[in-house]
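Naming convention: chains lettered A, B, ... in sequence-line order (proteins, then strands); numbering from 1 in each chain. Values below: every heavy atom of this structure, side chains too, minus hydrogens, waters and symmetry copies. What you are looking at is a predicted structure, and each value in this text was computed from that prediction instead of being measured.
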2 protein chains.
Amino acid sequence: MSSQKPLTLHIDFRSGLPIYIQIMNQIEQQVSGGTLKPGAQLPTVRTLASELRINFNTVARAYRLLDEAGIISTQQGRGTYILVKPPPEVEERLREETLEALARQYIGEAKRLNCSNAEIIQKVRDQLKSWKETQLDSE
Amino acid sequence: MSSQKPLTLHIDFRSGLPIYIQIMNQIEQQVSGGTLKPGAQLPTVRTLASELRINFNTVARAYRLLDEAGIISTQQGRGTYILVKPPPEVEERLREETLEALARQYIGEAKRLNCSNAEIIQKVRDQLKSWKETQLDSE
DNA sequence: GAATTAATTGTATCATTGTAATAATTGTAT
DNA sequence: ATACAATTATTACAATGATACAATTAATTC
């Protein structure tokens, strides 16, 4: 749908550098350099793969790693976008406030369900425990 | 016509949770918590989709699943309504699922803020402690 | 007022997009 | 050569979107 610019990348098949690394590097460069602006939509994995004459899963791998690195945002069924990042100082200031707001929101809803304090805490513990397995987190 | 209240939902496109699941969770929360009362009409699939900037089929999917779960009643050509009264067993199941969904929601967003597990738990503790005092004004 | 037409609402189907499990390929060290 | 690890490809799947459709209600026309 819309604003996928061509995104010119050059893949060197003889460089020895894995293709997905080359894709990552060049996208990172274009983000740093301002060629790719926050919010811009990247080509779909299949489109880019077709242009580069490679498999779409190789592009998907690059996208996934870039997503985990916080460079882009991939959304199943929707597309892939350059991540809009707030400035570091804003992010830091917002972190505390946001976490507190999130906690209050969680507690508020849980209280409406007549959950006890013990339940409310315990459920967070439980879900934190099973978080790694279900999310395949980065660390 | 209609008493379709605005129904404020918040969708996080980066959470990894499917949009239709997020819609389901939040509607369930509001039903359990009493914000959405039996008989109340929900926004049409197109209206809600427009507000959330998503495809109306995604809303329809959430509505259909909520319908199958016995929480709402969707009627082609008429609209979608909160069911008269969720049976006790549904109520109990809903409570469990909702609390878990709430916890996961909280954790997911906190994780994205790079909060540690310790922080995530501690913040809930803190806010629980000061809950009574801070809630006196709002109720 | 009844019949007809338009508008509104949910439904069904398929295309598009990213995901995941796993196999095949390639490079490299032994 | 063989074995191993890393990379890429194959395949099936899940989530979302686009489009056409059916059911109900509202509006129009006579």
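Across the protein-nucleic acid pair, A:Asn57 atom CG and C:dT19 atom P stand 10 Å apart, rounded to whole Å. If you measure from atom CG of A:Asp67 to atom P of C:dT19, you get 7 Å, rounded to the nearest angstrom. Nucleotide C:dA20 holds its P atom 8 Å from the CD atom of A:Gln76, rounded to whole Å. The distance between atom CD1 of A:Ile23 and atom C1' of D:dT8, rounded to the nearest whole Å, is 11 Å. Between the CG atom of A:Leu48 and the P atom of D:dT8 there is a distance of 14 Å, given to the nearest Å. Straight-line distance from the CG atom of B:Leu65 to the C1' atom of C:dG10: 14 Å, rounded to whole Å.
Of the candidates B:Gln41, B:Glu28, B:Gln30, B:Leu36 forms a side chain to side chain contact (heavy atoms under 4.5 Å, CB included) with just one, namely B:Gln30. Looking at B:Leu17, B:Leu9, B:Leu102 one by one, the single match for side chain to side chain contact (heavy atoms under 4.5 Å, CB included) with B:Asn25 turns out to be B:Leu17.
Nearest to the side chain of B:Tyr63, among C:dG10, D:dT25, D:dA15, sits C:dG10. The side chain of B:Thr74 approaches C:dG10 more closely than any other nucleotide in the set C:dG10, C:dA12, D:dT8.
You'll find a donor-acceptor pair under 3.5 Å spanning the side chain of A:Arg46 and the base of C:dG18, going by distance alone. Side-chain N/O atoms of A:Arg78 and base N/O atoms of D:dG17 include no donor-acceptor pair closer than 3.5 Å.
The shortest distance between the side-chain N/O atoms of B:Thr58 and the OP1/OP2 oxygens of D:dG17 is below 4.0 Å.
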